[in-house]
*Asks:* 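This is the structure I have questions about; it appears just below.
Along the sequence shown, residues are numbered consecutively beginning with 1.
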Amino acid sequence: MGERQRKLHGIMICVPYQGHLNPFVDLALKLASNGIVITFVHLEFLHRKLCQTHHANKTDVDLFSEARELGLDIRFTTMTDPFPLEFDRDANFNEYWETMVRDFPPLVNEFVGKILASDRDNMLHFLVADTVYTWPAAVARKYNLVNVSLWTQSALVYCLGYHWDLLQQNGHFPCNDEVDEEIKYIPGIESINTKDLIAYLRQSQCESVISRASRLQFEQGKMADFVLQNTVEELEPRALSALNNYLPNYAIGPLNFSQDLPTNTVTTSLWSKSDCTNWLGSKPPGSVLYVSFGSFVHTNMQVLEELAYGLLLSQVNFVWVIRQGILGDGATSVLSAEFQDAVKERGLIIGWCDQVETLSNPAVGGFLTHSGWNSTLESMWCGVPMICYPIGFDQPCSSKLVVSDWKIGVHLCEGGTLHRENVAHKIQSFMNGGDLERLKQNAERVRKIMKNAVETDGSSKTNFDRFLKDLEAKIRAQN
Ligand code: UDX
């Protein structure tokens, strides 16, 4: 078959966390819905976790079989990372990433080489890798693949990371943890306070593996042919337009709410979900605070206790997701029976849920979140105002966007230690106070912007179509 008739074929390799996996799968479905062949790669341990959660440990499950029945050509495969399957990657985060940065690149290199060697007819044309990996540029170059980078965080964070050297020249990397000043020299960022910077730019974290790996990652990201941003043009116009001066960027978010996606065809949830519908159905509209800290940050017992008793004192209804492993030690039950008893009617504590379904429930009036980017987008999509309690990584930046730029949320505290009385007061005034109407109106405005973006002729849809054209042109030119 001549090159012109051959379908485009991409290989997608994502990072093994829920907050990265979700947008990756959505992008795979979106590309395949547009006639592109996809080879989707999970790390073996993640595949096993999904099989354990959803398929009674059967490991020969093809996670994309239903999608293929719908006519989408997505081939599923797995590869190993440098650790044995039983290694606890969650509890040993630093060790895991030290090794991943050092030893994973040669494994991917070899893996992609084997895929190419075994499938001559369906030659690969492009690679879609998570921007947080450090190896995509080298692998794409070696195998003559177009290098597509998927960035699963805000464009604001990308801007900061892109200008890491500039931050260093201005004394903001490493950024003294005590400094409180406005940064106004980064192209695309009107102003950001040092306390809202990405956590790994701080002095206390600048030697961490994530800080070192992220710097490498942003450097190698500059060699990408295309960067896909899971954000919305109208919400981050300055950052995106500044980045366009250096890289071809396409704001195509929120990916999980794209119009052309088949729903519920691929299993992605890493934990089994509890259904809160009945419980929520017994509560008045807007009366429940949904509380969740995403899929991978850890916290400590003191924070959980202050939050727990803050929730108790606030008298507000709540659903609280406390996922197994949140303390980083595999503990399954972290709150005392006494507390659980005291909040029996008012509070539902679960291990995991369908977050979008929960946020869409009319009983939910607010979201106390760690400000993970996916959670932020999902809350915005549902028009739910947020109380932000960023724990690390990119989360302070998302909460700055929510509180200062879009005015659809408030901070739980201005740094420092949590106290239950302050938590209770903040929750009470957020759920019942005078500011709620203003927050709700702003949240409704943002919700409409997002809905419009994914409609035909909306910015995200148009940007995605433009990306497909540019991708095809680049592949034709390169082959
Ligand atoms: C992390 C970072 O915090 C985030 O900013 C980055 O972009 C991706 O990596 P995470 O901490 O897990 O992600 O948070 P978040 O980005 O919010 O992703 C969590 C995902 O888990 C969301 O899509 C959410 O819907 C899902 N989730 C969470 C559930 O499905 N059920 C739950 O009970 C809780």
Side-chain angles (χ1 to χ4, degrees), residues 18-19 22 53-54 254 256-257 263-264 267-295 304 307-324 326 333-335 337 339-372 374-389 402 408-410 412 423-424 426-433 435-437 439-441 443-444 446-447 450-451:
Q18 192 77 70
N22 292 357
T53 309
H54 302 283
N256 49 339
F257 302 110
T263 44
N264 297 328
T267 306
T268 52
S269 182
L270 291 171
W271 292 271
S272 323
K273 300 172 189 168
S274 296
D275 187 354
C276 329
T277 323
N278 281 345
W279 190 88
L280 287 170
S282 69
K283 304 293 175 227
S287 71
V288 177
L289 182 68
Y290 170 64
V291 187
S292 174
F293 298 144
S295 71
L304 290 187
L307 281 173
Y309 285 94
L311 282 162
L312 181 66
L313 292 169
S314 75
Q315 298 295 325
V316 162
N317 296 326
F318 63 90
V319 173
W320 188 0
V321 175
I322 305 186
R323 69 166 206 283
Q324 186 175 356
I326 191 155
S333 173
V334 292
L335 293 176
F339 169 77
Q340 304 212 28
D341 221 38
V343 293
K344 212 162 37 200
E345 297 304 318
R346 253 186 341 97
L348 181 67
I349 297 165
I350 51 174
W352 197 247
C353 68
D354 184 324
Q355 181 160 293
V356 175
E357 194 177 287
T358 307
L359 286 168
S360 314
N361 192 297
V364 172
F367 183 7
L368 170 47
T369 171
H370 73 312
S371 299
N374 295 284
S375 295
T376 304
L377 291 175
E378 288 160 12
S379 204
M380 287 156 72
W381 180 263
C382 299
V384 175
M386 288 165 257
I387 308 183
C388 300
Y389 179 59
V402 165
I408 53 174
V410 296
L412 180 64
V423 172
K426 184 61 88 163
I427 291 173
Q428 246 167 10
S429 61
F430 173 79
M431 292 298 280
N432 308 314
D435 264 2
L436 186 61
E437 255 334 288
L439 292 174
K440 273 193 193 159
Q441 278 167 11
E444 181 54 23
V446 164
R447 192 184 71 81
M450 290 180 108
K451 299 254 162 172

*Asks:* Is it the case that more than 12 heavy atoms not belonging to D341 sit under 6.0 Å from its CG atom?
*Replies:*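 Yes, because the 6.0 Å sphere around CG of D341 holds more than 12 heavy atoms from other groups.
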*Asks:* Is the W320 ring parallel, tilted or perpendicular to the F339 ring (thresholds 30°, 60°)?
*Replies:*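 Aromatic pair W320/F339 classed perpendicular.
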*Asks:* Go through the steps to decide whether F293 and L307 satisfy the test side-chain contact (heavy atoms from CB on, under 4.5 Å), and finish with yes or no.
*Replies:* CA-CA 12 Å; F293 298 144; L307 281 173; 3.5 Å; yes
*Asks:* Apply side-chain contact (heavy atoms from CB on, under 4.5 Å) to residues M431 and L436 and explain how you reach the verdict.
*Replies:* CA-CA 7 Å; M431 292 298 280; L436 186 61; 5.6 Å; no
*Asks:* Can you sort out the partners of E345 under salt bridge (Lys or Arg N to Asp or Glu O under 4.0 Å), two or more places apart, ordered by chain and number?
*Replies:*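 Expected list: none.
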*Asks:* Taking side chain as C-beta onward, heavy atoms only, is I322 less than 4.5 Å from L335?
*Replies:*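 Touching, per the 4.5 Å side-chain cut-off.
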*Asks:* Between atom CD of Q324 and atom CG of L270, what is the distance when rounded to the nearest 0.5 Å?
*Replies:*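 With rounding to 0.5 Å, CD (Q324) is 12.5 Å from CG (L270).
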*Asks:* Before you tell me yes or no, could you show the steps for K451 and F257 under side-chain contact (heavy atoms from CB on, under 4.5 Å), namely the whole-Å CA-CA distance, both residues' side-chain angles and the distance that decides it to 0.1 Å?
*Replies:* CA-CA 8 Å; K451 299 254 162 172; F257 302 110; over 6 Å; no
*Asks:* Rounded to the nearest 0.5 Å, what's the gap from NZ on K426 to CG on L368? Could you check?
*Replies:*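 These two atoms lie 11.5 Å from each other.
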*Asks:* Report the residues that fulfil side-chain hydrogen bond (donor to acceptor under 3.5 Å, both in side chains) with D275, sequence neighbours left out, ordered by chain and then residue number.
*Replies:*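 T277.
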*Asks:* Are L439 and F430 side-chain neighbours, meaning at least one heavy-atom pair lies under 4.5 Å?
*Replies:*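 In contact.
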*Asks:* How many angstroms lie between NE2 in H370 and OG1 in T376, if you round to the nearest 0.5 Å?
*Replies:*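 So the NE2 of H370 and the OG1 of T376 are separated by 7.5 Å.
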*Asks:* Where do G383 and P385 come nearest, in terms of heavy atoms and distance?
*Replies:*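 Heavy atoms of G383 and P385 come nearest at O-CD, 3.6 Å.
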*Asks:* Is the backbone of S375 close enough, under 3.5 Å, to the side chain of S379 for a donor and an acceptor to pair up by distance?
*Replies:*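 The answer is no, because no donor-acceptor pair under 3.5 Å joins these two groups.
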*Asks:* Among residues at least two apart in sequence or on other chains, which ones pass side-chain hydrogen bond (donor to acceptor under 3.5 Å, both in side chains) with N374?
*Replies:*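 side-chain hydrogen bond (donor to acceptor under 3.5 Å, both in side chains) list for N374, sorted by chain: empty.
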*Asks:* What are the two closest non-hydrogen atoms of H54 and T267, and how far apart are they?
*Replies:*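 Where H54 meets T267 most closely, the heavy atoms are CD2-CG2, 3.0 Å.
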*Asks:* Is the backbone N or O of T268 less than 3.5 Å from a side-chain atom of Q18, with the two atoms forming a donor-acceptor pair by type?
*Replies:*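 Yes; judged by distance alone, with no hydrogens or angles, the pair exists.
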*Asks:* Mind listing the closest non-hydrogen atom pair of I408 and M380 along with its distance?
*Replies:*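 Closest approach of I408 to M380: CD1-CG, 3.5 Å.
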*Asks:* Do L304 and I326 come close enough that some side-chain heavy atom pair is under 4.5 Å?
*Replies:*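 Touching, per the 4.5 Å side-chain cut-off.
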*Asks:* Just by distance, do the side chain of R346 and the backbone of V316 share a donor-acceptor pair under 3.5 Å?
*Replies:*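 Confirmed, R346 side chain pairs with V316 backbone.
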*Asks:* Could you report the tightest heavy-atom contact between A424 and L313, atom names first, then the distance?
*Replies:*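 Between these two residues, the closest heavy atoms are CB-CB, 3.6 Å.
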*Asks:* Distance from I427 atom CD1 to N432 atom CG, nearest 0.5 Å?
*Replies:*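 The CG atom of N432 is 11.0 Å from CD1 of I427, to the nearest 0.5 Å.
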*Asks:* Provide the full list of ring-ring contact (aromatic ring centres under 6.0 Å, His included) pairs with a residue in residues 269-289, sequence neighbours left out, each pair given once.
*Replies:*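 As it turns out, the ring-ring contact (aromatic ring centres under 6.0 Å, His included) pairs with a partner in residues 269-289, which skip direct neighbours, are W271-W352.
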*Asks:* Can you confirm whether E444 sits close enough to R447 that some side-chain heavy atom of one is under 4.5 Å from a side-chain heavy atom of the other?
*Replies:*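 SC-SC contact between E444 and R447 confirmed.
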*Asks:* Show every side chain to side chain donor-acceptor pair (under 3.5 Å) that has at least one partner inside residues 281-294, sequence neighbours left out.
*Replies:*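 Counting only pairs at least two positions apart or across chains, the side chain to side chain donor-acceptor pair (under 3.5 Å) contacts touching residues 281-294 are S287-N317, Y290-Q355.
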*Asks:* Can you give me the closest heavy-atom contact between C382 and S360, atom names plus distance?
*Replies:*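 Reported closest heavy-atom pair: SG-OG, 3.6 Å.
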*Asks:* Going through the checks in order, is the side-chain contact (heavy atoms from CB on, under 4.5 Å) test met by L348 and C276?
*Replies:* CA-CA 8 Å; L348 181 67; C276 329; 4.0 Å; yes
*Asks:* Within a strict 4.5 Å, meaning less than it, do heavy atoms of the V321 and C353 side chains meet?
*Replies:*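 The answer is yes, as the side chains (C-beta and beyond) meet within the 4.5 Å cut-off.
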*Asks:* State, to 0.1 Å, how close L289 and L311 come at their nearest heavy-atom pair, and which atoms those are.
*Replies:*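 Closest approach of L289 to L311: CD2-CD2, 4.0 Å.
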*Asks:* With side chains defined as the heavy atoms from C-beta onward, is the minimum distance between N256 and N22 less than 4.5 Å?
*Replies:*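 Side-chain contact under 4.5 Å: no.
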*Asks:* Just jot down the side-chain hydrogen bond (donor to acceptor under 3.5 Å, both in side chains) partners of E357, sequence neighbours excluded, or say none.
*Replies:*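 Applying side-chain hydrogen bond (donor to acceptor under 3.5 Å, both in side chains) to E357 gives none.
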